[in-house]
Amino acid sequence: MDNLTREQRRKNMQNIRSKDTSIEVKLRKNLWHQGYRYRKNVGSITGKPDIVLSRYKIAIFCDSEFFHGKDWEILMPKLQKGNNSKYWISKISRNRERDNEVNKRLLFEGWTVIRFWGRDIQKNIDECMKVIEETIWDLKMQEE
């Protein structure tokens, strides 16, 4: 996989943040510059979304590819070959289940849920903004 020692890997993992990640900050800056006001990491909302557009009842999650299991059919076999495979497969499987549960619960509560992969935010921020703006437009049209 890579040539890091166990101690180096441990240190890397300890430095992974759960909020104010680079992908969240990039998306928030773009939203702010476009005039959208938001709240971040709202604990009173199911799943504690990374970004909340309260005015439109939109919950946005910025998911990292690894921890949220992007392309799970490809990632899982790779994890099976690596160190601590049972732990990682179990952890990421549970994260995926929880993401689905959160999505369903938020939808039931009347929220619109948008999830972006980290690389999409990093490389295609304009497309991500387009998705948000189209969602807002659709919600406004439903109100009329």
Side-chain angles (χ1 to χ4, degrees), residues 1-139 142:
M1 205 145 121
D2 54 37
N3 298 327
L4 297 176
T5 66
R6 287 181 76 109
E7 186 57 32
Q8 289 170 323
R9 168 66 50 222
R10 189 174 149 283
K11 223 171 171 37
N12 283 351
M13 297 309 282
Q14 284 177 329
N15 287 325
I16 294 173
R17 308 166 111 185
S18 63
K19 57 185 173 181
D20 295 331
T21 62
S22 61
I23 56 177
E24 288 174 41
V25 170
K26 183 170 186 168
L27 187 56
R28 289 195 318 241
K29 281 183 178 179
N30 269 269
L31 284 165
W32 189 265
H33 288 299
Q34 293 297 319
Y36 296 105
R37 300 303 174 243
Y38 55 82
R39 293 172 59 206
K40 57 184 196 165
N41 310 107
V42 182
S44 60
I45 299 173
T46 302
K48 197 175 179 184
D50 299 315
I51 301 169
V52 175
L53 299 172
S54 308
R55 181 176 179 186
Y56 307 105
K57 211 163 180 189
I58 297 174
I60 302 171
F61 294 88
C62 305
D63 295 336
S64 73
E65 285 76 2
F66 180 75
F67 287 104
H68 292 269
K70 182 174 193 228
D71 299 327
W72 187 232
E73 308 73 36
I74 297 166
L75 179 60
M76 188 168 52
K78 288 181 181 177
L79 289 173
Q80 288 171 335
K81 297 174 189 169
N83 292 336
N84 219 355
S85 61
K86 281 185 183 173
Y87 170 80
W88 285 112
I89 290 169
S90 169
K91 178 173 183 51
I92 295 169
S93 293
R94 179 63 192 123
N95 287 349
R96 289 169 50 86
E97 287 170 20
R98 189 175 53 246
D99 290 346
N100 285 330
E101 291 164 9
V102 165
N103 289 352
K104 288 176 189 169
R105 179 107 184 263
L106 284 169
L107 289 170
F108 179 75
E109 294 170 1
W111 288 86
T112 299
V113 179
I114 300 175
R115 285 188 177 271
F116 292 117
W117 292 113
R119 286 197 189 105
D120 291 338
I121 294 171
Q122 293 291 19
K123 295 185 176 180
N124 302 315
I125 190 71
D126 292 341
E127 283 299 311
C128 296
M129 289 300 297
K130 191 174 174 185
V131 167
I132 294 168
E133 289 176 330
E134 286 175 359
T135 302
I136 290 169
W137 175 259
D138 289 344
L139 290 169
Q142 288 173 15

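For the single chain, residues carry numbers from 1 onward in sequence order.
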Please walk me through it: do Tyr56 and Thr135 pass side-chain contact (heavy atoms from CB on, under 4.5 Å)?
-> CA-CA 9 Å; Tyr56 307 105; Thr135 302; over 6 Å; no
Criterion side-chain contact (heavy atoms from CB on, under 4.5 Å) on Ile132 and Leu53, from CA distance to verdict | CA-CA 10 Å; Ile132 294 168; Leu53 299 172; 3.9 Å; yes
Pairing residues for [X] by the side-chain hydrogen bond (donor to acceptor under 3.5 Å, both in side chains) criterion, not counting sequence neighbours:
X: Lys40; value: Asp20
X: Glu101; value: Arg94
X: Asn95; value: Arg98

Side chain to side chain contact (heavy atoms under 4.5 Å, CB included) involving [X] - partner list, sequence neighbours excluded:
X: Asp99; value: Asp63, His68, Arg115
X: Asp126; value: none
X: Phe108; value: none
X: Arg55; value: none

To the nearest 0.5 Å, what is the distance between [atom1] ([X]) and [atom2] ([Y])?
X: Asp120; Y: Lys70; atom1: CG; atom2: NZ; result: 5.5 Å
X: Thr112; Y: Ile58; atom1: OG1; atom2: CD1; result: 5.5 Å
X: Leu27; Y: Cys62; atom1: CG; atom2: SG; result: 5.0 Å
X: Lys26; Y: Cys128; atom1: NZ; atom2: SG; result: 9.0 Å
X: Trp117; Y: Lys123; atom1: CH2; atom2: NZ; result: 15.0 Å

Kindly say whether Asp50 contributes a backbone atom to a donor-acceptor pair with the side chain of Glu24 at under 3.5 angstrom?
-> no
Just by distance, do the side chain of Arg37 and the backbone of Trp32 share a donor-acceptor pair under 3.5 Å?
-> yes
So which heavy atom on [X] is nearest to which on [Y], and how close?
X: Phe66; Y: Ile92; value: O-CD1, 3.4 Å
X: Leu79; Y: Ser85; value: O-CB, 3.0 Å
X: Ser93; Y: Trp72; value: OG-CZ2, 3.3 Å
X: Gly69; Y: Leu75; value: CA-CD2, 4.1 Å
X: Gln122; Y: Ser22; value: NE2-OG, 3.4 Å

Any chance you could lay out the side-chain contact (heavy atoms from CB on, under 4.5 Å) test for Arg28 and Ile51, step after step, and finish with the verdict?
-> CA-CA 8 Å; Arg28 289 195 318 241; Ile51 301 169; 3.5 Å; yes
Step by step, would you call Trp111 with Val52 a side-chain contact (heavy atoms from CB on, under 4.5 Å)?
-> CA-CA 10 Å; Trp111 288 86; Val52 175; 3.7 Å; yes
What residues, two or more places apart in sequence or in another chain, satisfy salt bridge (charged side-chain N to carboxylate O under 4.0 Å, His left out) together with Glu133?
-> none
With sequence neighbours excluded, tell me which residues meet salt bridge (charged side-chain N to carboxylate O under 4.0 Å, His left out) with Arg105.
-> Glu109
Min side-chain heavy-atom separation Ile23-Arg119 under 4.5 Å | no
For residues Asn83 and Trp88, determine if any side-chain heavy atom of one lies less than 4.5 Å from a side-chain heavy atom of the other.
-> no
